[in-house]
Amino acid sequence: MRAMVLACGRAASVAPGVPVHTVPARPGKDDVDPLLTDVDRIVVLGDDADLAAVVLRLLRTERLADIAVALVAGEAAVTAALAGQPRAVPLVRDAVGGVLVGLGTIEPVRGMAYCDDTRVLNGDARAIRVTACAEGVQVTVVRRLRRQQTVRGRAFEIGCDPATVVSDGVPHDRPMKRWHWYRHTEDLLRF
């Protein structure tokens, strides 16, 4: 096992013998790509947005099948994470070439949305929440009075009045009228 820790936006010292690289929060190409040689496990010390940034670099460098990733919030969890066994989990992509590793939200929203062939929205909703699941995406539509509908499928798409899309806690840079989250053809290795 050749592992490393990416401390996103913070200094860290963890398990002896495991290299620690301090990178900015939401690291990019120049921060991550040079570190991908000779490693088969990466522990991301940060949040969902940091993990998504690292996973995006694995996707773009075609290393999804070669490098397993884990997310931890604190240094004490690094050793336990390194002991985990990698398993394949669905990778969710989005409409603008990004990835979703935690929670995606659109709220409030007015429009029409589908999860595969199932219409999940035709009108207003307080929120739409999307996460990864075995089928690809799990979509929860929260309507008035906290009524909810949850559907699973391979893909979610929406056409709507301009709305803010938030992926892994990061709002998209402008309101969107259309959005997609869908299962990628290749799984992600998580441990």
Side-chain angles (χ1 to χ4, degrees), residues 1-107 129-133 136-138 164-174 176 179-191:
M1 173 177 70
R2 300 172 318 270
M4 75 170 161
V5 174
L6 291 181
C8 298
R10 62 181 101 177
S13 61
V14 291
V18 179
V20 177
H21 299 276
T22 302
V23 295
R26 295 182 204 97
K29 177 180 182 177
D30 294 338
D31 305 308
V32 176
D33 290 10
L35 303 175
L36 297 180
T37 59
D38 265 357
V39 65
D40 59 11
R41 287 181 179 224
I42 298 173
V43 176
V44 176
L45 183 57
D47 61 19
D48 283 344
D50 298 324
L51 177 61
V54 172
V55 170
L56 183 60
R57 295 313 316 150
L58 296 178
L59 174 69
R60 298 254 170 97
T61 58
E62 299 181 357
R63 302 291 307 272
L64 287 174
D66 304 330
I67 300 175
V69 294
L71 174 66
V72 297
E75 293 181 43
V78 171
T79 303
L82 287 170
Q85 292 300 313
R87 62 182 175 24
V89 298
L91 175 61
V92 176
R93 306 264 322 262
D94 68 28
V96 294
V99 298
L100 178 70
V101 297
L103 174 65
T105 60
I106 306 172
E107 59 185 40
R129 298 186 183 110
V130 177
T131 58
C133 70
V137 294
Q138 176 173 296
T164 300
V165 176
V166 179
S167 290
D168 296 320
V170 179
H172 191 63
D173 59 359
R174 61 186 163 82
M176 300 299 291
W179 196 260
H180 307 284
W181 275 299
Y182 59 94
R183 182 178 181 154
H184 184 57
T185 55
E186 189 175 1
D187 286 340
L188 172 65
L189 292 176
R190 296 276 310 250
F191 65 96

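We number each residue from 1, following the sequence as shown. None of the values given here were measured: they were computed from a predicted structure.
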Q. Side chains of Leu71 and Arg190: does their closest heavy-atom pair fall under 4.5 Å?
A. yes
Q: Count the heavy atoms of every other residue, nucleotide or ligand shown that sit under 6.0 Å from CG of Asp30, and state whether that count exceeds 12.
A: no
Q.
With a 4.5 Å cut-off on side-chain heavy atoms, are Val23 and Val32 touching?
A. no
Q.
If we check side-chain contact (heavy atoms from CB on, under 4.5 Å) with Ile67, which of these qualifies: Leu36, Val54, Leu188?
A. Leu36
Q.
Rounded to the nearest 0.5 Å, what separates atom CD in Glu107 from atom CZ in Arg129?
A. 6.0 Å
Q. To the nearest 0.5 Å, how far apart are CD in Gln85 and CZ in Phe191?
A. 10.0 Å
Q. Atom NZ of Lys29 and atom CG of Leu56: how far apart are they, to the nearest 0.5 Å?
A. 11.5 Å
Q: Please report the closest heavy-atom contact between Ala53 and Pro27, naming both atoms and the distance.
A: CB-O, 3.3 Å
Q: Quick one: pull up CZ in Arg57 and CD1 in Ile42 and give me the separation to the nearest 0.5 Å.
A: 11.5 Å
Q. Hey, what do you get for CG (Leu51) to CG (Leu58), rounding to the nearest 0.5 Å?
A. 9.0 Å
Q. With no hydrogens and no angle check, is any side-chain donor or acceptor of Asp50 less than 3.5 Å from a backbone partner on Arg26?
A. yes
(Q) Which residues pass the side chain to side chain contact (heavy atoms under 4.5 Å, CB included) test with Pro171, not counting sequence neighbours? (A) Thr164, Val166
Q: Check whether any side-chain heavy atom of Trp179 lies under 4.5 Å from a side-chain heavy atom of Val130, and answer yes or no.
A: no
Tabulate below the donor-acceptor pairs under 3.5 Å that side-chain atoms of residues 1-11 make, not counting sequence neighbours, or state none.
from	atom 1	to	atom 2	distance (Å)
Arg2	NE	Asp38	O	3.4
Arg10	NH1	Ala73	O	3.1

Q.
Could you report the tightest heavy-atom contact between Asp48 and Gly102, atom names first, then the distance?
A. OD2-CA, 3.6 Å
Q) For the atom pair CG (Asp66) and CG (Leu64), what is the distance rounded to the nearest 0.5 Å? A) 8.5 Å
Q: Specify the closest pair of heavy atoms between Tyr182 and Asp94, including all atoms of both residues, with the distance to one decimal.
A: CE2-O, 3.7 Å
Q. Is there side-chain contact between Glu75 and Leu45, with heavy atoms separated by less than 4.5 Å?
A. yes
Q.
Applying side chain to side chain contact (heavy atoms under 4.5 Å, CB included) to Arg93 and Leu59, what does each step give before you reach the verdict?
A. CA-CA 10 Å; Arg93 306 264 322 262; Leu59 174 69; 3.4 Å; yes
Q: Using a 4.5 Å cut-off on heavy atoms from C-beta on, say whether the side chain of Asp168 contacts that of Leu100.
A: yes
Q. Is it true that a side-chain atom of Arg41 and a backbone atom of Leu82 form a donor plus acceptor pair closer than 3.5 Å?
A. yes
Q) Between Thr22 and Ala12, which heavy-atom pair has the shortest distance, and what is it? A) OG1-N, 4.5 Å
**Q.** From CA spacing to verdict: side chain to side chain contact (heavy atoms under 4.5 Å, CB included), Asp33, Thr61
**A.** CA-CA 8 Å; Asp33 290 10; Thr61 58; 3.6 Å; yes
